A.B. asks: 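I'd like to ask you about the structure that follows.
All values reported here derive from a predicted model rather than from experimental measurement. Position 1 is the first residue of the sequence, and the numbers go up from there.
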Amino acid sequence: MKIEDDLADAMAAHVADVQAPPDLGRSVRRRNRSRALRFRVAGAALVTAAVAVAVPVALNSGEPAGGQAATGQDRAVVRNDVTVPDVTGKPVTEAVPLLRAAGLVADMAAEEVRNNRVIAQKPAAGEQVAPGSHVELTLEPPPVTMPQDLGDLGDGREFGGIRLDYLPEGLEWGKWSGKDGFGKHSYTTTYDKPGNEPGHYSVQVIVFEGEAAKAIARFPKAGAETVDVGGAKAGLATLGEGGEIASDGSEGTLTVAWKLRDGLAVKVCLSPDYVKEVDGPAEAKKIAKGIRATG
């Protein structure tokens, strides 16, 4: 039922016992005939005003106007707003029932629905909204899982037929390893500062074995510096995403690559962020010179 219908019923009940004198109709018609046009235009407003005076209406409140209990005669439609509860920091399994208990609906992307923690909500906690309103929840992303293709490498210094005898101070194994990502019989892992996010790296080492070792032949020659790595010639350059030598001033990955022995080649890569913190070329050479074959 519409609010207009409720008001009309309440008005009818309010005037049900009023008796008009016999000549009231004629008096009213004579008195108002000259103002008929104005009443036609303003009639709706006058009726609304009359009903508002006769029946006090309380909106967005749990009590009727005047602080008196509502009766069957003057009861109107009341909208009780809901206070949005604070669910930030809570896991989804707690947040959703809290919103439901408050008469609200939780909105989340389907792929995000896990028992993740809520990191943001809209509307914010404490806002007043209509019952049944939707609350948009932003969940923390799932943890990044890194592959362990080569199993537990201990300190991470030995894998794929090589060992690192030198690692820059402050770096540790990234606790992951990959296999065949750079061709069949290729192996890789990274080293980073403790506490950095999974997937971030400071130094990456890639080992190429057998046929995969031929990848070193594709290391760009023009523009690369030739350096000595334990008696072997290596190429040192900053490479772009496509493996090309980065132009002057452009950001890229500092890389040194060489053939350790027949059928075994190595690349050492320093991330652009790490190069900004250290003497990149000097550290790359020291890492490379400290790598030896174990088989």
Side-chain angles (χ1 to χ4, degrees), residues 88-92 109 111-112 114-120 137-183 186-208 215 219 227 229 234 236-246 249-258 265-292 294:
T88 55
K90 299 183 182 299
V92 173
E111 62 270 20
E112 293 181 337
R114 308 173 186 88
N115 196 26
N116 293 9
R117 186 173 58 90
V118 177
I119 58 176
L137 302 181
T138 301
L139 308 182
E140 66 180 352
V144 177
T145 56
M146 301 295 289
Q148 300 291 343
D149 292 346
L150 305 179
D152 185 0
L153 298 180
D155 62 4
R157 291 189 177 219
E158 188 169 329
F159 72 98
I162 68 161
R163 177 166 180 82
L164 281 77
D165 289 332
Y166 171 78
L167 194 62
E169 185 178 353
L171 301 187
E172 65 178 22
W173 180 44
K175 296 178 176 59
W176 78 280
S177 58
K179 181 179 179 181
D180 297 339
F182 297 88
S186 65
Y187 318 96
T188 186
T189 192
T190 57
Y191 309 88
D192 202 8
K193 296 177 181 178
N196 280 343
E197 302 177 350
H200 186 276
Y201 80 98
S202 295
V203 174
Q204 180 172 16
V205 177
I206 309 167
V207 179
F208 304 86
F219 193 84
V227 298
V229 176
L236 176 68
T238 298
L239 305 183
E241 292 183 1
E244 74 287 353
I245 293 181
S250 62
E251 191 172 83
T253 303
L254 182 63
T255 305
V256 57
W258 75 104
V266 183
K267 274 187 182 180
V268 174
C269 308
L270 275 62
S271 74
D273 290 342
Y274 187 59
V275 169
K276 294 175 183 176
E277 301 175 13
V278 299
D279 183 340
E283 288 294 344
K285 293 174 188 177
K286 287 176 70 175
I287 296 170
K289 288 178 180 179
I291 291 178
R292 57 185 172 85
T294 58

A.B. asks: Quick one: does V207's side chain get under 4.5 Å of F159's, heavy atoms only?
C.D. replies: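 A side-chain contact exists here, since the closest heavy-atom pair is under 4.5 Å.
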A.B. asks: Give a yes or no on whether the backbone of T238 and the side-chain of T255 come within a donor-acceptor separation of less than 3.5 Å.
C.D. replies: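 A pair under 3.5 Å: no.
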A.B. asks: Is there side-chain contact between L171 and P168, with at least one heavy-atom pair below 4.5 Å?
C.D. replies: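 SC-SC contact between L171 and P168 confirmed.
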A.B. asks: Side chains of L239 and F219: does their closest heavy-atom pair fall under 4.5 Å?
C.D. replies: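 Yes, at least one pair of side-chain atoms sits under 4.5 Å.
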A.B. asks: Could you tell me if the side chain of Q204 sits less than 4.5 Å from the side chain of Y191, heavy atoms only?
C.D. replies: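 The answer is no; the side chains never approach within 4.5 Å.
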A.B. asks: Would you name the heavy atoms of I291 and W258 that are closest together and state the gap between them?
C.D. replies: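 What the structure gives for the nearest pair is CD1-CH2, 3.9 Å.
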A.B. asks: Using the side-chain contact (heavy atoms from CB on, under 4.5 Å) rule, take L254 and L236 through it: C-alpha gap first, then chi angles, then the decisive distance, then the call.
C.D. replies: CA-CA 7 Å; L254 182 63; L236 176 68; 3.9 Å; yes
A.B. asks: Would you check, one step at a time, whether the test side-chain contact (heavy atoms from CB on, under 4.5 Å) holds for V92 with L139?
C.D. replies: CA-CA 8 Å; V92 173; L139 308 182; 3.6 Å; yes
A.B. asks: Is there a side-chain contact (heavy atoms from CB on, under 4.5 Å) between T294 and E158? Walk through the geometry before answering.
C.D. replies: CA-CA 8 Å; T294 58; E158 188 169 329; 4.0 Å; yes
A.B. asks: Can you check whether I206 reaches Y187 side chain to side chain, under 4.5 Å on heavy atoms?
C.D. replies: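 Answer no - side chains too far apart.
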A.B. asks: Residues in side chain to side chain contact (heavy atoms under 4.5 Å, CB included) with I119, at least two apart?
C.D. replies: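 For I119 the side chain to side chain contact (heavy atoms under 4.5 Å, CB included) partners, ignoring immediate neighbours, are R117, T138, E140.
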A.B. asks: With a 4.5 Å cut-off on side-chain heavy atoms, are K267 and V256 touching?
C.D. replies: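 When only atoms from C-beta onward are counted, K267 and V256 do not touch, as no gap falls below 4.5 Å.
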A.B. asks: State whether the side chain of T188 and the backbone N or O of V205 hold a donor-acceptor pair below 3.5 Å, judged by distance alone.
C.D. replies: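 Yes, because the side chain of T188 sits within donor-acceptor range (under 3.5 Å) of the backbone of V205.
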A.B. asks: Kindly say whether L150 contributes a backbone atom to a donor-acceptor pair with the side chain of S177 at under 3.5 angstrom?
C.D. replies: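 Yes, the answer is positive, given that a donor and an acceptor are paired below the 3.5 Å cut-off.
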A.B. asks: Say you draw a straight line from CD1 of I162 to CG of D165; how long is it, rounded to the nearest 0.5 Å?
C.D. replies: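 Rounded to the nearest 0.5 Å, the CD1-CG separation comes out at 10.0 Å.
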A.B. asks: Indicate yes or no for a side-chain donor-acceptor contact from T189 to the backbone of W176 under 3.5 Å, with no hydrogens or angles considered.
C.D. replies: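 Present.
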A.B. asks: Return the minimal non-hydrogen interatomic distance between D192 and S202, and the atom names on each side.
C.D. replies: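 Residues D192 and S202, closest heavy atoms: OD1-OG, 2.7 Å.
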A.B. asks: Using every non-hydrogen atom in the two residues, find where W173 and T190 come nearest and quote the distance to one decimal.
C.D. replies: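 Closest approach of W173 to T190: CD1-O, 3.5 Å.
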A.B. asks: Is a donor on one side and an acceptor on the other found under 3.5 Å between the side chain of E241 and the backbone of G252?
C.D. replies: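 Side chain of E241 to backbone of G252, a donor-acceptor pair under 3.5 Å: no, none is there.
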A.B. asks: Flag the pair P142 / N116 as yes when at least one side-chain heavy-atom distance between them is below 4.5 Å, and no otherwise.
C.D. replies: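 Yes, close enough: below the 4.5 Å cut-off.
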A.B. asks: Salt bridge check, K193 against E277: does any charged N sit closer than 4.0 Å to a carboxylate O?
C.D. replies: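 Salt bridge flag = yes for K193 with E277.
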A.B. asks: What closest approach, in Å, do S186 and G181 show between heavy atoms, and which atom pair accounts for it?
C.D. replies: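 Here S186 and G181 meet closest at OG-N, 3.4 Å.
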A.B. asks: With a cut-off of 3.5 Å and sequence neighbours excluded, list every side-chain donor-acceptor pair involving residues 279-289.
C.D. replies:
from	atom 1	to	atom 2	distance (Å)
D279	OD1	A282	N	3.4
E283	OE1	Y166	OH	2.8

A.B. asks: Does E172 come within less than 4.0 Å of R157, counting only side-chain N to carboxylate O?
C.D. replies: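 So E172 does not pair with R157 through a salt bridge.
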A.B. asks: List the steps, then state whether side-chain contact (heavy atoms from CB on, under 4.5 Å) holds for Q148 with K179.
C.D. replies: CA-CA 9 Å; Q148 300 291 343; K179 181 179 179 181; over 6 Å; no
